[in-house]
Number of protein chains: 4
Amino acid sequence: MDTNRPTIPAAEEILGGYFPVLDHGFVSLVDYMGSDEDVERAARVSYGAGTRKVSQTRGLVRYLRRHHHTTPSEMVEFKFHCAMPMFVARQWIRHRTASVNELSARYSLMPLLFYRPEEAHFALQSRSNRQGREGGAPPEVYRQAVERWERLRGDASATYRWLLEEDVAREIARIDLPVSTYTQWYWKIDLHNLLHFLTLRVDERAQWEIRQFARVIAGVVARVAPLSFEAWVDYDLSSRPLSRAERQVLARLLVADEAGVRAKEGAAASVDELKAAGLSPREIRELAEKLQTPSHEDFDLDLSTMRSAEEMEKKMYQAVPGSFE
Amino acid sequence: MDTNRPTIPAAEEILGGYFPVLDHGFVSLVDYMGSDEDVERAARVSYGAGTRKVSQTRGLVRYLRRHHHTTPSEMVEFKFHCAMPMFVARQWIRHRTASVNELSARYSLMPLLFYRPEEAHFALQSRSNRQGREGGAPPEVYRQAVERWERLRGDASATYRWLLEEDVAREIARIDLPVSTYTQWYWKIDLHNLLHFLTLRVDERAQWEIRQFARVIAGVVARVAPLSFEAWVDYDLSSRPLSRAERQVLARLLVADEAGVRAKEGAAASVDELKAAGLSPREIRELAEKLQTPSHEDFDLDLSTMRSAEEMEKKMYQAVPGSFE
Amino acid sequence: MDTNRPTIPAAEEILGGYFPVLDHGFVSLVDYMGSDEDVERAARVSYGAGTRKVSQTRGLVRYLRRHHHTTPSEMVEFKFHCAMPMFVARQWIRHRTASVNELSARYSLMPLLFYRPEEAHFALQSRSNRQGREGGAPPEVYRQAVERWERLRGDASATYRWLLEEDVAREIARIDLPVSTYTQWYWKIDLHNLLHFLTLRVDERAQWEIRQFARVIAGVVARVAPLSFEAWVDYDLSSRPLSRAERQVLARLLVADEAGVRAKEGAAASVDELKAAGLSPREIRELAEKLQTPSHEDFDLDLSTMRSAEEMEKKMYQAVPGSFE
Amino acid sequence: MDTNRPTIPAAEEILGGYFPVLDHGFVSLVDYMGSDEDVERAARVSYGAGTRKVSQTRGLVRYLRRHHHTTPSEMVEFKFHCAMPMFVARQWIRHRTASVNELSARYSLMPLLFYRPEEAHFALQSRSNRQGREGGAPPEVYRQAVERWERLRGDASATYRWLLEEDVAREIARIDLPVSTYTQWYWKIDLHNLLHFLTLRVDERAQWEIRQFARVIAGVVARVAPLSFEAWVDYDLSSRPLSRAERQVLARLLVADEAGVRAKEGAAASVDELKAAGLSPREIRELAEKLQTPSHEDFDLDLSTMRSAEEMEKKMYQAVPGSFE
């Protein structure tokens, strides 16, 4: 179709395509509004008559992000269609500044699709991070877990089907579906809030499963608003804050002036000195991480995995208990 | 404790008490800020110097609500501690203008408590309302359903315990708990948004289970801000909108002037005339309901059911898989 | 440009055009995302597999609006460029669920354009509505008011120019510009929140000046999402609520059943009976208004007034103090 | 009054007291809900059964803030009564996650109080920061500016009074009041959003006038939730982000391991190397600032300036045009 609206070829290329995530989930960009140029355009209302010509969009976009002038990036909007396990949906929905329309299990029959972790991601409780996981579990435990999951899901599915056959209300029939059951929704969010979502959800402290969704969404953003995406990587994702105490320490180790930055001859802060400056043992470990060379993350979408809406719809439809339609 | 803040005796009486809801859930008012007088006080900033003396708080509170001047009622705040099945939590969380801290199943061990519908509320799929329920299910179906639920929950609990024993990460161990599992959260919301929540959630189109929570919360609001509560009953809960077409019809049947309102001699609108005015068959049924005398709802809290925090905590604690702590 | 996104010809026709409002203001649709079909599409995720074929978009859109299922209409988004007097901007900004980028008077030079009410809208303080206006002011008062405004604005402009010439900071130089000074912003909002804005701002209790902006915006919505617009007129704009007490009264005057609605022979409620039912004198007046045939409002845009971005920009630019650029 | 709610003596001491800001403005804490302990209490729902005993509130509060777990601090609420010039109000209102009730100039008569900058804060347009100010203006310019302000405000006041005498609608009469006119509002906001407001508004890039309000509010927060306040100073206010490029540079200058942090012998990054790493000239200046020892800011309230509500009300009331009441 023909339009006078701003149009982004790299976004149009994936518009309406479905990217599989986990075993039965997906992310699809359904619609978008605006791009980097629209961030600049909105910002320049605040920087309108009376200001000098400013460089190019990139400089402005980077300046805005570095200085937390976030309102112009609210002017770009994304709409997604996503499917994810309910326990992922429950983490996702905590981001309140978004619009959501979820499949209603009161109204609709649920596709009986369940998330089964792969062995590579079946891990033990983390010792260092009390809400994470680390290390592999024994293969035998995984084998047994799969068996138990299969039986539980088979039973839950049979009960769901049976209740529907007995014409029990759908809103009751679904109460024993496990939180590994896939649900789906439409999700609309602006660029500012989406980047905030990504900062929290591609982070390694987020649960591995939701990170897989966040990584695909990051790949979509990189196509719709590449300059904003680049600025986000540089000033948010790969950025680390120096606390007041850490700045006090670094100011003793480094000299920064018009000639650049240089290390002070022989300057050091021992662990005891760091503690004296107010850093907790955990903060000392965090500081070491901050002072590493940041790793590079690649969020490029693999277009070869992209599926059509029809294919995805058919897959979902076939998983719906069908005999009572 | 002594305070200069506004204090409401009827609210203090229940503060920190736990009201059971469903089989294992609860609602507790943990804190509150302000009351009807604070709605007036905020509104009178907008109606300050230069205005005449206005009647009393009740008149103003009713005027504000009738005319959708809702911002002053944002000035009263409630904090609750609640426990509810996950499928109820998923409906509840859709109200975005609230603050929530939920028990994390990544971090914590979940109490193994599950919601089991009572026979009286085990119903068939509604024919008239495609997302509701109506009519009783056969006792034999209920009996079988209970058996199936017991087995499913027993198996899900056993799997959860076993995975924890094997030291599998909690965030994985919980993925096959059913959505009937109880979760809990702190929930903070202002009076305006809380009344909007109640309008939607005490409504008979809401799922019966969440209505039970909404009804207890309504009883709390009636104690904290009784005039606002009364105005909400009169102008929201028991109010019905007349659409443009319905007003056209009623204008032909009634005369309203300085002498009052009276029926026009022999005036009537047949179903065909209602259709011609643009009402759908469903709207015609809805109009008949609107023109009934509104029913009276009672949300008084039953103080005899109130429990202490200690008692509730103990009950929850005992349901947590305990051997690996 | 070519796009795979949903495109609305009636919206494309006005996209980027500037509609003048008041003496120097404007409203321009800069971008849009989605239309009525996207409301349906989002809603059908919640009404997906397992539901029967449902009629057409119109029926669904009307049903959703009538029953306050507002989340699907959050899926349509509008972006506007608007210019308005600061006192109008201060009313407008109270709608928080929107994104705004305003011209910064700290950074930019302000165009020296001021709103001058026309004689037809220069009115006396209302007696019945303590925040409104009614009746005409004497021509001589208007003449004098215009003289005073001209002098005040001339002096404020001269002071602003002089302070800028003296290189005083812009953020200080602007502090004595009057609230009649025009400002401008980009404004992005979803359909649900926009219709709520319109309900409040086309209402005759809103200040006359902001209503002129709301009316043009209503005309834009009618082009982007005509079915949602029609449903809003029928179920919001021209709808009136019946309070609990009013329903009690009407139930005594009317019979509604499967045959339709009819007036009861000789039934009437006198003013005293209305008072006894709990209606205040003001509510009795309001009830009479509710029972009138609703008036018809026309929000059609007059395309002959549409101006180009270049023309508007030039006009604004010429009003900026220019000598110190 | 007696209450079972959490009560903070340092907050009660200033509750209802009015702290003057600028020449006619004020900030008053009208009500509060909760403190640091309530942040912990809400967080521990998410960290409930199954977790080990955790240290004390301070450690948790600091951990939460460092890791951007901000939802628990939404559980503390503040209500303020404030008066400020309209141009400050227009900056302030941009923070949308708050509740506001402002004095309505459509309904009320405005107190005729105007902000007059002191000579010390009457400055020139900044060269380095295009939206700021720096350096002193010549005394003669200040003298003339004061004269012009006095005349403009006198004329604007006279016109306002005259229009009211002629019974012109208040909503029209006020349109030529300057943005230096004081307005007032009730403002309710949670701790998380309030700290975000403070981060942006005590910053030296914020306009000097709004910073004076932010500083008093910071002093209030320090009394209501001292541990959260301390964590905010350490991890937000005095913190600075290291961008991806800056981390790459510092990783070449410093070694961080289990023994602490130390400068690498002779390591340096020249300006050219910083540019090659991707830093813009502005970023190089910003980096030098980040590596300075952070300055200490003191936000202690001066209780000797505290005024009673009666005194403030009287002052405001006397500034209202009085003869037509």
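First the proteins, then the strands, lettered A, B, ... as listed; each starts at 1. Model, not experiment: these values are computed from the prediction.
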Let's test your reading of the structure: which of A/Glu283, A/His68, A/Lys290 forms the most heavy-atom pairs below 4.5 Å with chain D? A/Glu283
For the residue pair D/Tyr63 and D/His69, categorise the inter-ring angle as parallel (less than 30°), tilted (30 to 60°) or perpendicular (more than 60°). tilted
Ion pair check, D/Arg215 and D/Glu297, cut-off under 4.0 Å: yes
Applying side chain to side chain donor-acceptor pair (under 3.5 Å) to D/Ser228 and D/Asp36, what does each step give before you reach the verdict? CA-CA 6 Å; D/Ser228 298; D/Asp36 294 315; 2.6 Å; yes
Looking at chain D, which one of A/Arg244, A/Glu286, A/Lys264 has the largest number of heavy-atom pairs inside 4.5 Å, strictly under? A/Arg244
Quick one: what part of D/Thr199 sits under 4.5 Å from any heavy atom of chain A, side chain, backbone, both or neither? neither
Who among D/Ala251, D/Gly278, D/Ala245 has the most heavy-atom pairs with chain A under 4.5 Å? D/Ala251
Between D/Glu289 and D/Arg282, is there a salt bridge with N-O shorter than 4.0 Å? no
Answer yes when A/Glu40 and A/Arg44 have at least one side-chain N-carboxylate O distance shorter than 4.0 Å, and no when they do not. yes
Note: vs chain A, highest number of non-hydrogen pairs under 4.5 angstrom among D/Ala256, D/Ala268, D/Ala288, D/Ala263 is D/Ala263
Is it the side chain or the backbone of A/Ala269 that comes within 4.5 Å of chain D heavy atoms, both, or neither? both
If you tally heavy-atom pairs under 4.5 Å between each of A/Arg205, A/His67, A/Gln292 and chain D, the highest tally belongs to A/His67
Less than 4.0 Å between a side-chain N and a carboxylate O, is that true for A/Arg262 and A/Asp257? yes
Do D/Glu246 and A/Arg66 meet the salt-bridge criterion of a basic N to acidic O distance under 4.0 Å? no
Among A/Ala259, A/Gly266, A/Pro294, A/Ser270, which residue has the highest count of heavy-atom pairs closer than 4.5 Å to chain D? A/Pro294
Part of D/Arg285 lying under 4.5 Å from any heavy atom of chain A: neither
Measuring heavy-atom distances to chain A, does D/Glu258 have an atom under 4.5 Å in its side chain, in its backbone, in both, or in neither? backbone
Highest number of heavy-atom pairs under 4.5 Å with chain D among A/Val261, A/Asp272, A/Leu291 belongs to A/Val261
Can you tell which part of A/Arg94 gets under 4.5 Å to a heavy atom of chain D, answering side chain, backbone, both or neither? side chain
Against chain A, label D/Arg65 side chain, backbone, both or neither, depending on which of its atoms sit under 4.5 Å from a heavy atom there. neither
Apply side chain to side chain contact (heavy atoms under 4.5 Å, CB included) to A/Arg58 and A/Glu230, showing your working. CA-CA 9 Å; A/Arg58 183 172 179 267; A/Glu230 181 203 41; 3.0 Å; yes
Whatever's closer than 4.5 Å to a heavy atom in chain A on D/Gln248 counts as both
Passing candidate, ring pair (Phe, Tyr, Trp, His ring centres under 6.0 Å) with D/Phe197, options D/Trp187, D/Phe213, D/Trp232: D/Trp187
Have D/Asp234 and A/Ser243 got a donor and an acceptor in their side chains that come within less than 3.5 Å? no
Nearest atoms (heavy-atom pairs only) where D/Ser73 meets D/Leu191: O-CB, 3.1 Å
Below 4.5 Å, heavy-atom pairs only: which of A/Val271, A/Thr293, A/Leu253, A/Leu242 has the largest tally toward chain D? A/Leu242
Toward chain A, the part of D/Leu274 with a non-hydrogen atom under 4.5 Å: side chain
Under 4.5 Å from any heavy atom of chain D - which part of A/Glu265: side chain
